[in-house]
Amino acid sequence: MKRLIGLIVSLAMIAGGLYQMVFTLNTKLWMAVMGIGAILLFIVTFFTGPDWEDRPWYGKILRILGIIATCVVLSGVIGAALFMINPLGNDEGRPIADVKEHINIWGNVIPGNDLVSKMDYMEVDSEPPVPVARLRFEKAVASDKYADVLNIIDTYTYTHGIEGEYDSILYNDEPFVIPYVVEGSSDAVLIIPGGGYAIRSNEGKDDEGAVIAKALNERGISAFVLWYRANPYPAPIAEMDLQRGVRWVRAHADSYGYSADNVSLLGFGAGGNLAAAYINKYMGTSLLPEGYTGDGTDGASDRVAGAAMIYPFMNYYKNVPLLFAHYNSETVRSVEERTALLEETDLTKQFNSADIRQFVSYGTKDRLVPPDSARDYIEAARGAGAEVTEHTVDQGHYYGTEDYLDAYMAWLKPSAAPAEEPAEQPAEEASETTDGE
């Protein structure tokens with residue numbers, strides 16, 4: 001009877017711990033519960049009951065299964081612990097690549113800033129490790145149902161951004177670009193990292209920043225990686241930073257040697273959304289607040305020659321809770337205002353960029369940002385007569401540079417793409433063609 005009770009208790013601890021980890025993500029507590037349950041299961045199956053020789057055949061099978069289950073659970077617990085420690089991932093405070101080379105894009109006055117603590121407005125509910133905070137964030141925002149997840153988004157921004165020292169704890173962040181310039185280049189690309197508007201995804205990682213910038217350099221293209229203000233700054237702060245970034249890159253074209261008319265955008269995820277929203281809704285308008293004293297950069301054109309979006313979202317219908325990362329929380333919480341906001345942020349209905357060359361790449365297996373979002377946008381763009389290149393990848397979200405670079409370069413510089421050699425014809429077919437001429 002004691003052995004049976006021990007078996008039931010151990011299995012209940014393992015099952016309950018697994019359920020709680022998946023559905024509440026309270027990782028530390030339930031990892032410990034699962035570990036204790038696995039150890040108890042091992043003791044019950046290996047050190048109790050008759051000797052091996054005296055067990056019936058089914059008793060031997062149960063012992064073997066118990067030991068296997070114990071090893072699996074303990075391996076999962078150890079793996080989860082390594083995930084939390086995250087020794088090889090985006091450690092808090094790991095610098096942005098080449099950040100020492102950054103150049104602030106605003107002058108002495110940065111509109112939208114204030115010497116007020118963000119913690120007076122953020123709803124931070126805990127301080128989980130960065131990978132856990134990110135997992136909670138992605139689970140929370142990948143839904144077509146409304147849910148008030150501001151605390152999860154703010155917690156992710158806090159643990160990754162503020163504790164990682166990418167963001168200030170005050171509303172006084174200074175947006176910047178990191179230049180990757182090629183001498184003799186006639187083109188420049190402004191790279192916009194993603195991050196769901198909660199963070200910037202090149203913070204501690206390089207694939208949406210330095211990696212693609214250097215890949216463009218190898219192909220003779222100058223690049224600038226933009227660091228823009230995200231959560232808890234509400235829209236249109238990020239849009240304002242992008243507009244200023246475009247003007248800054250154009251204003252410094254003569255200094256770096258490229259043409260101001262050959263500046264284009266390359267955005268990833270939320271950065272792709274920002275790029276698409278910019279060319280359809282904000283380019284050519286003034287986002288600057290009343291009372292702002294401008295400088296010479298504000299006089300530069302904010303027009304771009306093209307825009308490329310990599311695994312972007314073009315509306316929030318499948319990511320409704322993500323609205324909290326980019327818009328005023330009280331607006332999102334209001335049913336009427338949220339409904340209107342969903343309509344206003346649907347770029348298929350706001351399409352206004354038929355004169356801008358565009359490139360849209362998306363993953364056909366993307367569960368975080370369903371591919372229909374990009375497909376609907378492409379259909380709307382083509383319906384409006386826009387020149388848009390569609391590129392698909394048989395993967396989910398966050399695919400690598402190698403998956404889109406060749407197609408993107410063929411779009412960016414079609415004249416530089418290698419000409420396709422005609423296929424060799426069989427001797428008989430070749431002679432027939434000659435005879436017919």
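Positions are given from 1 along the sequence.
The side-chain contact (heavy atoms from CB on, under 4.5 Å) test with P321 singles out one residue from L150, I153, V149, and that residue is V149. The side-chain contact (heavy atoms from CB on, under 4.5 Å) test with Y362 is passed by exactly one of I378, V393, D372: I378. Put simply, the residue from W106, W248, W227 that forms a ring-ring contact (aromatic ring centres under 6.0 Å, His included) with F176 is W227.
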Inset, instruction - Could you check Y311 against Y399 for ring-ring contact (aromatic ring centres under 6.0 Å, His included), going step by step and ending with a plain yes or no? - result: CA-CA 8 Å; Y311 42 81; Y399 45 83; 5.0 Å; yes
Inset, instruction - Mind running salt bridge (charged side-chain N to carboxylate O under 4.0 Å, His left out) on D206 and K214 for me, showing each step along the way? - result: CA-CA 10 Å; D206 302 336; K214 292 176 180 178; over 6 Å; no
Inset, instruction - Verify salt bridge (charged side-chain N to carboxylate O under 4.0 Å, His left out) between K318 and D366, making sure each step is shown before the conclusion. - result: CA-CA 12 Å; K318 297 297 184 180; D366 196 333; over 6 Å; no
Inset, instruction - Take H391 and Y408, measure what ring-ring contact (aromatic ring centres under 6.0 Å, His included) needs, and give me the verdict at the end. - result: CA-CA 9 Å; H391 177 254; Y408 167 70; over 10 Å; no
Inset, instruction - Given side-chain contact (heavy atoms from CB on, under 4.5 Å), test N113 with L170 step by step and report yes or no. - result: CA-CA 9 Å; N113 275 8; L170 304 178; over 6 Å; no
Inset, instruction - Take R219 and D187, measure what salt bridge (charged side-chain N to carboxylate O under 4.0 Å, His left out) needs, and give me the verdict at the end. - result: CA-CA 11 Å; R219 289 157 178 80; D187 301 84; over 6 Å; no
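Between H397 and E138 the shortest side-chain heavy-atom distance does not fall below 4.5 Å. The side-chain heavy atoms of H326 and N231, taken from C-beta on, include no pair separated by under 4.5 Å. Contact of the Y278 side chain with the I192 side chain is not registered, since no non-hydrogen atoms from C-beta on lie closer than 4.5 Å. By the 4.5 Å heavy-atom criterion applied to side chains, I152 and E123 are not counted as neighbours. Contact annotation: the side chain of L216 approaches that of M409 to within less than 4.5 Å [non-hydrogen atoms, C-beta and beyond]. By the 4.5 Å heavy-atom criterion applied to side chains, L342 and L323 are counted as neighbours. Side-chain contact between V360 and E390: absent, with no pair of heavy atoms (C-beta onward) separated by less than 4.5 Å. In this structure the side chain of I221 never reaches within 4.5 angstrom of the side chain of S186, judged on heavy atoms.
Every residue meeting the side-chain hydrogen bond (donor to acceptor under 3.5 Å, both in side chains) condition with Y377, not counting sequence neighbours, appears here in chain and number order: N280, Q358. With sequence neighbours left out, R357 forms a salt bridge (Lys or Arg N to Asp or Glu O under 4.0 Å) with E387. Shown here are the salt bridge (Lys or Arg N to Asp or Glu O under 4.0 Å) partners of D394, two or more places apart in sequence or in another chain: K365. A search for side-chain hydrogen bond (donor to acceptor under 3.5 Å, both in side chains) contacts involving N273 returns Y197, not counting sequence neighbours. The side-chain hydrogen bond (donor to acceptor under 3.5 Å, both in side chains) check on T155 picks up D125, with sequence neighbours excluded. Partners of E290 by salt bridge (Lys or Arg N to Asp or Glu O under 4.0 Å), not counting sequence neighbours: none found.
With hydrogens and angles ignored, the 3.5 Å screen pairs a side-chain donor or acceptor of E203 with a backbone N or O of R200. In this structure, the side chain of Y166 engages the main chain of R94 through a donor-acceptor pair within 3.5 Å. D302 places a side-chain N or O within donor-acceptor distance of the main-chain N or O of G284, the cut-off being under 3.5 Å. No donor-acceptor distance shorter than 3.5 angstrom exists from the side chain of N319 to the backbone of L322, with no hydrogens or angles considered.
Shortest non-hydrogen contact noted between S117 and Y171 is O-CE1, 3.9 Å. Residues A325 and A198 come closest through the heavy atom pair CB-N, 4.5 Å. Residues S185 and S222 approach most closely at OG-N, 3.3 Å, considering heavy atoms. Here the closest heavy-atom approach between residue L287 and residue P236 is recorded as CD2-CB, 4.4 Å. Closest of all the heavy-atom pairs between P111 and L288 is CG-CD2, 4.3 Å. For the pair V130 and T159, the tightest heavy-atom approach, listed with the atom from each and the gap, is CG2-O, 3.8 Å.
Rounding to the nearest 0.5 angstrom, the gap separating the CG atom in L226 from the CD1 atom in I105 is 5.5 Å. Put simply, CG on L242 and CD1 on I237 are 13.0 Å apart, with the number rounded to the nearest 0.5 Å. Taking CD from E239 and OG1 from T285, the interatomic distance works out to 10.0 Å, rounded to the nearest 0.5 Å. If you take OG on S373 and CE on M314, they are separated by 6.5 Å, rounding to the nearest 0.5 Å. Taking CG from N172 and CD1 from I169, the interatomic distance works out to 10.5 Å, rounded to the nearest 0.5 Å. Expressed to the nearest 0.5 Å, how far NE2 of H160 lies from CD1 of I199 amounts to 3.5 Å.
Checked for salt-bridge contact, D167 and R229 miss the test: no charged N lies under 4.0 Å from a carboxylate O. Between R247 and D295, no side-chain nitrogen of the basic residue sits less than 4.0 Å from a carboxylate oxygen of the acidic one, so the salt-bridge criterion is not met. Between K349 and D376 there is no salt bridge, since none of the side-chain N atoms of the basic residue sits less than 4.0 Å from a carboxylate O of the acidic one. Ion pairing between K281 and E344 fails under the 4.0 Å rule for side-chain N and carboxylate O. Using a 4.0 Å cut-off between charged side-chain N and carboxylate O, R244 and D241 make no salt bridge.
Other residues, nucleotides and ligands place more than 12 heavy atoms under 6.0 Å from the CZ atom of R333. The local environment of OH in Y292 is crowded, with over 12 non-hydrogen atoms from other residues, nucleotides or ligands closer than 6.0 Å. Heavy-atom neighbours of D120 CG from other residues, nucleotides or ligands within 6.0 Å: above the threshold of 12. Around the CD atom of E337, the shell of radius 6.0 Å holds more than 12 heavy atoms that belong to other residues, nucleotides or ligands.
For R134 and F137, the positive end is not near the middle of the six-membered ring at less than 6.0 Å and at most 45° from its axis. Cation-pi geometry between R338 and Y146 is satisfied (NZ or CZ under 6.0 Å from the ring centre, within 45° of the ring normal).
A tilted orientation is assigned to the rings of H252 and Y256, their planes being inclined by 30° to 60°.
Taking the six-membered ring for Trp and the full ring otherwise, the centers of F324 and Y327 sit at least 6.0 Å from each other. Taking the centre of each ring, Y180 and F224 stay at or above the 6.0 Å mark.
A side-chain donor from one of N104 and E174 sits under 3.5 Å from a side-chain acceptor of the other.
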